[in-house]
A.B. asks: 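Right, I'll just put the structure down here and ask away after.
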Amino acid sequence: MDSTAGGRMARSEKHANSGKSTNGAKRSTSATRSPSESTSTSTSTSTSPPPHLARAGAYWTAAAVALIALWTSGAPSTSYPLYSAEWALTPVVITAVFGTYPVALVITLLATGSLSDFVGRRVAILLGVGGMLVGTLLFALASDVVMLFIGRAFMGIGVGLALSPASAAVLEFSKPGRARVAASTTTAATALGVVLSALTGGALVQYGPLPLALDYWVLVAVITVVGVLAWFLPEPAKSATSATARPARWRPEINIAIPPGQSLIFATAALAASIAYMTGGIVLALGASIARQLLETQNSLVVGALLATMFVVAGVLAVATRLLGPRLSMRLGGFLAIGAFVLFAASASLGSVILFLLAAAFAGGAYATAFSGGLGYVSLHAPPHHRAGAISAFYLAAYAAQGAIAVALGLIATLASLLTAVMIGSAIMIGLSAVLVVLTFLRGRRTGAPTTRALAAARDSPADAPPRTAK
């Protein structure tokens, strides 16, 4: 009896001590937890993740970044004649201001072309939007030509940082089965950006109270709105391949990221982009002066509307030809560019406004088809973990060519005449366009490598599409 009772008492005491120990541990944990930790714990269970744009919102925000990039690029175009008159600037100085932008952009692309493959599309885009904002503010406040040079440099840096990741993001946020449309969306967005720069700038320069500042303040407001939207961009899903294939750290370096064995593919795409941007550069740098001479008018809105003709056509054709294969699109762009510069040379020599409008329309078609074809060609062949770097190399070639021809033709216009510059520029562009047409008939791929059509089918398949972001 005694032994049984003793056993019961021992078991009872052990159970009681165990309960006390557990309760004591709970009280001790509760007592040692700080109020901030307690609040953090309760808050973390009730708060949701930071808000992000849904796929569609991210897609159009990335396209809007491409839009403001080209709006920023073309914003000073209708103001150049006023700067020339206000500060007695020669054509070579004006084209040097224009050329500062692609030079700064090329240097930025060389140093940071693959940045967004490492830090993410959102961070790179936000850095670029900040650069565009600073450059536009400098133009709005400019009191001499030095501020124009500095402002154009910041514009080039901003666009160099933002345009490649924005183009890659448009592709990566495109819906399953519609990846091939992404290049056309980017082309249409950039064309619309130039149209807005020409029309808004022309109207505000001609009729606004501050002809050399108001259009830039409008652009500052637009950039700010797009920047706020870009703050909420999600990061596209990264595949396991991209996570393991890239180096662990990024540092500024010259890296043009041409995929191995695809030199001819890249050369064809880069030439197409160069022709598109050289066409745009000639129109933006010299088009205002040509239009003023042909029309014998000083109305900046009329001149801006003439310049916008090219990019209105570009935007329409970018949408209309979105289903063309990249090589066919580049080939069409080459033929249209040849027609455009034959007409530009004829309009300048004959003094015909009708021929100038036709030339601008052909140039718009060349810009849309050559650029979207080249961008689609690069995007389809570039590995996902090097996509931004490859697209940066694509833009690098385009802007380097644009800057070179703009400065060269400005120098010729200063030393000889505007007509001589137009004739020489037209001859160069016709020759390069003919080379592009020939290259589009050549196959630049290794034996056994997938065709562009096969790559497009794989890229467009829902299984390959990135997962939807949370709404």
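Below, each value reflects all heavy atoms present in this structure, side chains not excepted, and no hydrogens, waters or symmetry copies. Remember, predicted model here, so these are calculated numbers, not experimental data. In this chain, residues are counted from 1 in sequence order.
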A.B. asks: Report yes if some heavy atom in the side chain of Val225 is under 4.5 Å from a heavy atom in the side chain of Val222; otherwise report no.
C.D. replies: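 Val225 does not reach Val222 side chain to side chain.
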
A.B. asks: Which value, rounded to the nearest 0.5 Å, describes the distance between Leu343 atom CG and Ile338 atom CD1?
C.D. replies: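 Atom-to-atom, Leu343:CG and Ile338:CD1 are 12.0 Å apart.
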
A.B. asks: Do Met155 and Phe139 come within less than 4.5 Å of each other through their side chains, counting heavy atoms only?
C.D. replies: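 They are in side-chain contact.
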
A.B. asks: Within the 3.5 Å criterion, strictly below it, is a donor on Thr187 or Tyr367 matched to an acceptor on the partner's side chain?
C.D. replies: no

A.B. asks: How far apart are the closest heavy atoms of Val129 and Ala162, and which atoms are they?
C.D. replies: N-CB, 4.3 Å

A.B. asks: So, the side chain of Ser417 versus the backbone of Thr420: is there a donor-acceptor pair under 3.5 Å, distance only?
C.D. replies: yes

A.B. asks: Do Ser73 and Val194 have side chains that approach each other closer than 4.5 Å (heavy atoms only, starting at C-beta)?
C.D. replies: no

A.B. asks: Answer whether the closest heavy-atom distance between the side chains of Arg121 and Leu233 falls below 4.5 Å.
C.D. replies: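 No, their side chains stay 4.5 Å or more apart.
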
A.B. asks: Working to the nearest 0.5 angstrom, can you tell me the gap between Leu70 CG and Thr186 OG1?
C.D. replies: 10.5 Å

A.B. asks: First locate atom CD1 of Ile282, then atom OH of Tyr277, and finally report the distance between them rounded to the nearest 0.5 Å.
C.D. replies: 15.0 Å

A.B. asks: Using modelled atom types only, decide if a donor and an acceptor are shared between the side chain of Arg122 and the backbone of Trp231 within a distance under 3.5 Å.
C.D. replies: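 Present.
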
A.B. asks: Look at the side chain of Ser79 and the backbone N and O of Leu82, then say whether any donor-acceptor pair between them is shorter than 3.5 Å.
C.D. replies: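 No: the side chain of Ser79 does not pair with the backbone of Leu82.
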
A.B. asks: Does any non-hydrogen side-chain atom of Leu141 lie less than 4.5 Å from one of Trp217?
C.D. replies: yes

A.B. asks: Is any side-chain heavy atom of Leu67 closer than 4.5 Å to one of Thr190?
C.D. replies: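 No; the side chains remain at least 4.5 Å from each other.
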
A.B. asks: Can you tell me how far apart CG (Leu219) and OG1 (Thr200) are? Round to the nearest 0.5 Å.
C.D. replies: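 Atom-to-atom, Leu219:CG and Thr200:OG1 are 9.0 Å apart.
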
A.B. asks: Working to the nearest 0.5 angstrom, can you tell me the gap between Leu336 CG and Arg331 CZ?
C.D. replies: 13.0 Å

A.B. asks: State whether the side chain of Thr100 and the backbone N or O of Ala96 hold a donor-acceptor pair below 3.5 Å, judged by distance alone.
C.D. replies: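 Pair found, side chain donor or acceptor close to backbone of Ala96.
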
A.B. asks: More than 12 foreign heavy atoms under 6.0 Å from CZ of Phe154: is that the case here?
C.D. replies: no

A.B. asks: Ring-plane angle category for Phe394 and Phe371, please: parallel below 30°, perpendicular beyond 60°, tilted otherwise.
C.D. replies: tilted

A.B. asks: Under a 4.5 Å cut-off applied to non-hydrogen side-chain atoms, are Val437 and Phe335 in contact?
C.D. replies: yes

A.B. asks: Testing the basics here: between Ser167 and Tyr395, what is the closest heavy-atom pair and its distance to 0.1 Å?
C.D. replies: OG-OH, 2.8 Å

A.B. asks: Please tell me whether Phe341 and Phe362 form a close aromatic pair, meaning their ring centres lie under 6.0 Å apart.
C.D. replies: no

A.B. asks: Does atom OH (Tyr216) have a neighbourhood of more than 12 heavy atoms from anything else shown, all under 6.0 Å?
C.D. replies: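 Buried by this count: over 12 neighbours within 6.0 Å.
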
A.B. asks: Indicate the atoms forming the closest heavy-atom contact of Ala63 with Thr185, along with that distance.
C.D. replies: CB-CG2, 4.1 Å

